[in-house]
Amino acid sequence: GEKLVLLHEHGPSWRGGGGYLFRKGGVKLGERGGEAIEEVVVQAPHSFHDHLTGEIGLKVFEKSVARGFFYNTIHRYRARRGERSRDEVHPADMARSEGSVFQVMSEHYLKDTEGSKVFQLHGFKSRKLARQGIDVVVSGGEEEGATALAERVVEVFREKIGAERVALYPRDTDSFGALTNVLGGWCAQHAPGRFVHVEMDLALRERIEQQPGVLVEV
(Lines give C-alpha, C1' and ligand atoms only; values in the text may rest on other atoms or scores of the structure.)
Protein backbone atom coordinates (compact mmCIF):
# COMPACT_ATOMS: atom_id res chain seq x y z
CA GLY A 1 0.00 0.00 0.00
CA GLU A 2 2.98 2.33 -0.08
CA LYS A 3 4.05 4.58 -2.92
CA LEU A 4 7.70 4.37 -3.94
CA VAL A 5 9.81 6.31 -6.41
CA LEU A 6 12.95 4.84 -7.97
CA LEU A 7 15.50 7.02 -9.75
CA HIS A 8 18.34 5.33 -11.58
CA GLU A 9 20.59 5.90 -14.53
CA HIS A 10 19.32 4.88 -17.94
CA GLY A 11 20.96 1.84 -19.57
CA PRO A 12 22.19 -0.03 -21.44
CA SER A 13 25.57 1.65 -20.80
CA TRP A 14 26.07 2.16 -17.07
CA ARG A 15 28.27 4.96 -15.75
CA GLY A 16 27.90 4.28 -12.04
CA GLY A 17 25.33 6.96 -11.33
CA GLY A 18 23.67 4.80 -8.70
CA GLY A 19 20.08 4.05 -7.76
CA TYR A 20 17.82 5.99 -5.41
CA LEU A 21 14.67 4.44 -3.96
CA PHE A 22 12.34 6.72 -2.01
CA ARG A 23 9.28 6.10 0.12
CA LYS A 24 6.71 8.83 -0.47
CA GLY A 25 4.85 10.48 2.38
CA GLY A 26 4.99 13.31 4.89
CA VAL A 27 8.05 14.36 6.86
CA LYS A 28 6.93 12.44 9.95
CA LEU A 29 6.93 8.78 9.06
CA GLY A 30 4.98 7.60 12.12
CA GLU A 31 5.81 6.64 15.65
CA ARG A 32 7.61 3.86 17.47
CA GLY A 33 7.24 3.54 21.21
CA GLY A 34 5.45 6.88 21.37
CA GLU A 35 8.33 8.75 19.74
CA ALA A 36 8.40 10.20 16.23
CA ILE A 37 10.52 8.13 13.87
CA GLU A 38 13.40 10.05 12.37
CA GLU A 39 14.04 10.75 8.72
CA VAL A 40 16.77 8.41 7.53
CA VAL A 41 18.27 7.10 4.30
CA VAL A 42 20.02 3.73 4.21
CA GLN A 43 23.01 3.49 1.87
CA ALA A 44 25.11 0.68 0.37
CA PRO A 45 27.82 2.44 -1.69
CA HIS A 46 29.90 -0.73 -2.25
CA SER A 47 27.25 -3.37 -2.85
CA PHE A 48 29.25 -5.42 -5.39
CA HIS A 49 32.40 -5.35 -3.26
CA ASP A 50 31.13 -5.46 0.33
CA HIS A 51 29.23 -8.73 0.00
CA LEU A 52 25.54 -8.64 1.01
CA THR A 53 25.45 -4.95 1.95
CA GLY A 54 23.11 -4.20 -0.96
CA GLU A 55 20.74 -7.01 -0.02
CA ILE A 56 20.82 -5.98 3.63
CA GLY A 57 20.21 -2.32 2.82
CA LEU A 58 17.19 -3.12 0.68
CA LYS A 59 15.70 -5.43 3.33
CA VAL A 60 16.20 -2.81 6.03
CA PHE A 61 14.48 -0.24 3.83
CA GLU A 62 11.56 -2.61 3.14
CA LYS A 63 11.04 -3.62 6.77
CA SER A 64 11.51 -0.17 8.32
CA VAL A 65 10.09 3.25 7.58
CA ALA A 66 13.34 4.63 6.24
CA ARG A 67 12.81 7.38 3.68
CA GLY A 68 15.18 5.96 1.10
CA PHE A 69 17.75 3.43 -0.01
CA PHE A 70 20.74 4.61 -2.08
CA TYR A 71 22.99 2.05 -3.80
CA ASN A 72 25.81 1.91 -6.32
CA THR A 73 25.39 0.49 -9.83
CA ILE A 74 29.00 -0.31 -10.72
CA HIS A 75 31.70 -2.15 -8.75
CA ARG A 76 33.88 0.33 -6.88
CA TYR A 77 37.09 -1.01 -8.49
CA ARG A 78 35.83 -2.06 -11.93
CA ALA A 79 34.59 1.09 -13.61
CA ARG A 80 37.25 0.88 -16.30
CA ARG A 81 39.24 -1.86 -17.98
CA GLY A 82 42.22 -3.02 -15.94
CA GLU A 83 41.36 -0.99 -12.84
CA ARG A 84 42.98 -2.29 -9.65
CA SER A 85 42.17 -1.71 -5.99
CA ARG A 86 45.58 -0.12 -5.37
CA ASP A 87 45.06 2.55 -8.03
CA GLU A 88 44.94 6.10 -6.68
CA VAL A 89 41.66 7.15 -8.34
CA HIS A 90 38.45 5.10 -8.42
CA PRO A 91 35.71 7.00 -10.27
CA ALA A 92 32.98 4.51 -9.30
CA ASP A 93 33.81 4.40 -5.58
CA MET A 94 30.71 6.15 -4.25
CA ALA A 95 32.19 6.58 -0.77
CA ARG A 96 35.23 8.45 -2.10
CA SER A 97 33.99 10.29 -5.18
CA GLU A 98 33.17 13.90 -4.33
CA GLY A 99 31.62 14.66 -7.71
CA SER A 100 29.39 11.60 -7.94
CA VAL A 101 25.62 11.68 -8.34
CA PHE A 102 25.54 9.58 -5.15
CA GLN A 103 27.28 12.35 -3.20
CA VAL A 104 25.11 15.10 -4.69
CA MET A 105 21.89 13.20 -3.91
CA SER A 106 23.07 12.59 -0.36
CA GLU A 107 23.96 16.23 0.22
CA HIS A 108 20.61 17.42 -1.12
CA TYR A 109 18.71 14.97 1.07
CA LEU A 110 20.52 16.15 4.19
CA LYS A 111 20.21 19.84 3.30
CA ASP A 112 16.57 19.73 2.21
CA THR A 113 15.15 17.42 4.89
CA GLU A 114 15.27 18.79 8.40
CA GLY A 115 16.87 16.49 10.96
CA SER A 116 17.54 13.77 8.39
CA LYS A 117 20.29 11.18 8.85
CA VAL A 118 22.29 8.81 6.68
CA PHE A 119 22.98 5.21 7.73
CA GLN A 120 25.79 3.83 5.53
CA LEU A 121 26.53 0.08 5.40
CA HIS A 122 29.95 -1.43 4.67
CA GLY A 123 31.75 -4.74 5.04
CA PHE A 124 35.27 -5.46 6.29
CA LYS A 125 37.82 -8.24 6.54
CA SER A 126 40.44 -7.67 9.22
CA ARG A 127 42.74 -10.13 10.97
CA LYS A 128 43.37 -7.55 13.68
CA LEU A 129 39.69 -7.18 14.53
CA ALA A 130 39.10 -10.92 14.15
CA ARG A 131 41.74 -11.57 16.83
CA GLN A 132 39.90 -9.11 19.07
CA GLY A 133 36.57 -10.80 18.41
CA ILE A 134 35.03 -7.64 16.92
CA ASP A 135 32.22 -8.11 14.40
CA VAL A 136 31.12 -4.52 13.83
CA VAL A 137 32.70 -1.06 13.98
CA VAL A 138 30.49 2.03 14.19
CA SER A 139 31.72 5.53 13.43
CA GLY A 140 30.22 8.97 13.04
CA GLY A 141 32.92 9.81 10.50
CA GLU A 142 34.49 12.43 12.77
CA GLU A 143 38.09 12.29 13.91
CA GLU A 144 37.77 14.04 17.25
CA GLY A 145 35.27 11.70 18.88
CA ALA A 146 32.13 9.61 18.64
CA THR A 147 28.85 11.27 17.78
CA ALA A 148 25.66 10.75 19.80
CA LEU A 149 24.12 8.93 16.83
CA ALA A 150 27.06 6.51 16.59
CA GLU A 151 26.89 5.86 20.33
CA ARG A 152 23.19 5.08 20.07
CA VAL A 153 23.76 2.64 17.21
CA VAL A 154 26.51 0.91 19.22
CA GLU A 155 24.18 0.40 22.16
CA VAL A 156 21.58 -1.32 19.97
CA PHE A 157 24.23 -3.60 18.47
CA ARG A 158 25.56 -4.45 21.91
CA GLU A 159 22.13 -5.46 23.10
CA LYS A 160 21.66 -7.73 20.09
CA ILE A 161 25.06 -9.35 19.50
CA GLY A 162 27.04 -8.75 22.70
CA ALA A 163 29.06 -5.79 23.96
CA GLU A 164 32.45 -7.44 23.41
CA ARG A 165 31.78 -7.84 19.67
CA VAL A 166 30.98 -4.18 18.99
CA ALA A 167 33.52 -1.35 18.65
CA LEU A 168 32.92 2.40 18.58
CA TYR A 169 35.43 4.55 16.70
CA PRO A 170 37.63 6.14 18.05
CA ARG A 171 36.91 5.02 21.62
CA ASP A 172 37.37 1.27 21.13
CA THR A 173 39.42 0.99 17.93
CA ASP A 174 41.45 3.03 15.49
CA SER A 175 40.15 0.99 12.52
CA PHE A 176 37.41 1.93 10.05
CA GLY A 177 36.74 5.45 11.24
CA ALA A 178 35.40 6.53 7.81
CA LEU A 179 37.73 9.53 7.81
CA THR A 180 38.25 9.25 4.03
CA ASN A 181 34.53 8.85 3.36
CA VAL A 182 33.47 11.94 1.38
CA LEU A 183 29.94 12.05 2.77
CA GLY A 184 31.24 11.59 6.29
CA GLY A 185 33.64 14.49 5.74
CA TRP A 186 30.90 16.65 4.26
CA CYS A 187 28.62 15.90 7.21
CA ALA A 188 31.34 16.76 9.71
CA GLN A 189 31.42 20.24 8.14
CA HIS A 190 27.80 20.83 7.17
CA ALA A 191 25.60 18.29 9.00
CA PRO A 192 27.45 17.19 12.15
CA GLY A 193 26.06 14.20 13.99
CA ARG A 194 23.80 13.08 11.14
CA PHE A 195 26.00 10.42 9.52
CA VAL A 196 26.75 6.93 10.80
CA HIS A 197 29.13 4.47 9.17
CA VAL A 198 28.67 0.77 10.02
CA GLU A 199 31.36 -1.77 9.12
CA MET A 200 30.40 -5.45 9.54
CA ASP A 201 32.42 -8.62 9.13
CA LEU A 202 31.15 -11.28 6.74
CA ALA A 203 29.67 -13.60 9.39
CA LEU A 204 27.58 -10.76 10.81
CA ARG A 205 26.47 -9.67 7.33
CA GLU A 206 25.33 -13.22 6.60
CA ARG A 207 23.37 -13.29 9.85
CA ILE A 208 21.76 -9.89 9.35
CA GLU A 209 20.87 -10.66 5.73
CA GLN A 210 18.69 -13.46 7.12
CA GLN A 211 17.55 -11.50 10.18
CA PRO A 212 17.62 -7.77 9.34
CA GLY A 213 15.67 -6.86 12.48
CA VAL A 214 18.88 -5.78 14.23
CA LEU A 215 19.42 -2.94 11.78
CA VAL A 216 15.72 -2.13 11.57
CA GLU A 217 15.76 -1.44 15.32
CA VAL A 218 18.85 0.74 14.92
Side-chain angles (χ1 to χ4, degrees), residues 27-29 32-33 35-46 50 53 56-57 60-61 64-70 93-98 100 102-124 126 129 132 134-201 204-205 208 212 214-218:
V27 173
K28 292 186 178 179
L29 300 179
R32 180 176 61 191
E35 296 182 358
I37 295 173
E38 298 167 306
E39 277 273 350
V40 62
V41 157
V42 180
Q43 296 186 341
H46 298 150
D50 295 3
T53 53
I56 291 169
V60 170
F61 170 79
S64 70
V65 290
R67 174 66 71 196
F69 172 51
F70 293 6
D93 188 342
M94 298 295 95
R96 290 180 171 82
S97 180
E98 293 185 356
S100 70
F102 195 96
Q103 177 71 10
V104 172
M105 291 287 286
S106 301
E107 290 180 12
H108 275 290
Y109 170 71
L110 288 162
K111 287 188 291 187
D112 298 340
T113 310
E114 184 179 358
S116 57
K117 298 175 176 63
V118 168
F119 190 89
Q120 203 172 90
L121 305 178
H122 295 265
F124 74 83
S126 167
L129 295 181
Q132 297 173 336
I134 294 174
D135 295 333
V136 57
V137 178
V138 179
S139 170
E142 299 185 16
E143 186 172 10
E144 297 303 319
T147 63
L149 178 60
E151 290 178 345
R152 192 176 75 190
V153 171
V154 161
E155 290 307 310
V156 175
F157 269 114
R158 287 185 164 182
E159 290 176 7
K160 297 300 180 181
I161 69 173
E164 71 283 356
R165 309 197 73 82
V166 182
L168 174 65
Y169 178 91
R171 186 189 67 194
D172 306 321
T173 182
D174 59 1
S175 300
F176 301 112
L179 300 185
T180 59
N181 187 292
V182 293
L183 184 58
W186 184 88
C187 285
Q189 295 293 320
H190 305 285
R194 294 165 59 187
F195 170 83
V196 66
H197 182 275
V198 179
E199 287 273 3
M200 300 171 285
D201 79 342
L204 180 60
R205 277 174 272 153
I208 290 180
V214 173
L215 289 179
V216 171
E217 290 193 30
V218 169

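These numbers come from the heavy atoms of this one structure, side chains and all, not from hydrogens, waters or symmetry mates. Starting from 1, each residue takes its place in the sequence as its number.
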[atom1]-[atom2] distance between [X] and [Y], expressed to the nearest 0.5 angstrom:
X: Gln43; Y: Met94; atom1: CD; atom2: CE; result: 11.0 Å
X: Leu129; Y: Asp201; atom1: CG; atom2: CG; result: 9.0 Å
X: Thr53; Y: Arg205; atom1: OG1; atom2: CZ; result: 7.0 Å
X: His197; Y: Phe119; atom1: NE2; atom2: CZ; result: 11.0 Å
X: Arg171; Y: Glu151; atom1: CZ; atom2: CD; result: 6.5 Å
X: Asn181; Y: Gln120; atom1: CG; atom2: CD; result: 4.5 Å

>> If you compare all heavy atoms of Val42 against all heavy atoms of Ala66, which two are closest, and at what distance to 0.1 Å?
In response: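 Between these two residues, the closest heavy atoms are CG2-CB, 4.1 Å.
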
> What is the minimum heavy-atom distance between Trp186 and Gln103, and which atoms define it?
Replying inline: CB-NE2, 3.7 Å

> Between Val166 and Ile161, is any pair of side-chain heavy atoms under 4.5 Å apart?
Replying inline: yes

Sequence neighbours excluded and cut-off under 3.5 Å, please list the side-chain donor-acceptor pairs for residues 134-143, or say none.
from	atom 1	to	atom 2	distance (Å)
Asp135	OD1	Arg165	NH2	3.2
Asp135	OD2	Arg165	NE	2.4
Asp135	OD2	Arg165	NH2	3.4
Ser139	OG	Gly141	N	2.8
Ser139	OG	Gly177	O	2.7
Glu142	OE2	Gly193	N	3.4

>> Using the salt bridge (Lys or Arg N to Asp or Glu O under 4.0 Å) criterion, which residues pair with Arg152? Sequence neighbours excluded.
In response: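 Salt bridge (Lys or Arg N to Asp or Glu O under 4.0 Å) check on Arg152 returns Glu38.
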
>> List the residues meeting salt bridge (Lys or Arg N to Asp or Glu O under 4.0 Å) with Asp93, not counting sequence neighbours, and say none if there are none.
In response: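 Applying salt bridge (Lys or Arg N to Asp or Glu O under 4.0 Å) to Asp93 gives Arg76, Arg96.
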
>> Restricting to side-chain contact (heavy atoms from CB on, under 4.5 Å), what partner residues turn up for Ser116, sequence neighbours left out?
In response: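 For Ser116 the side-chain contact (heavy atoms from CB on, under 4.5 Å) partners, ignoring immediate neighbours, are Glu39, Tyr109, Leu110, Thr113, Arg194.
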
>> Applying ring pair (Phe, Tyr, Trp, His ring centres under 6.0 Å) as the test, list every pair that has at least one member in residues 153-178; sequence neighbours left out.
In response: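 Output for this query lists Phe124-Phe176.
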
> For residues 172-182, which residue pairs qualify under salt bridge (charged side-chain N to carboxylate O under 4.0 Å, His left out), counting only residues two or more places apart or in two chains?
Replying inline: Lys128-Asp174, Arg158-Asp172

> Under the side chain to side chain contact (heavy atoms under 4.5 Å, CB included) criterion, do Val196 and Thr147 qualify, and how do the steps go?
Replying inline: CA-CA 8 Å; Val196 66; Thr147 63; 6.0 Å; no

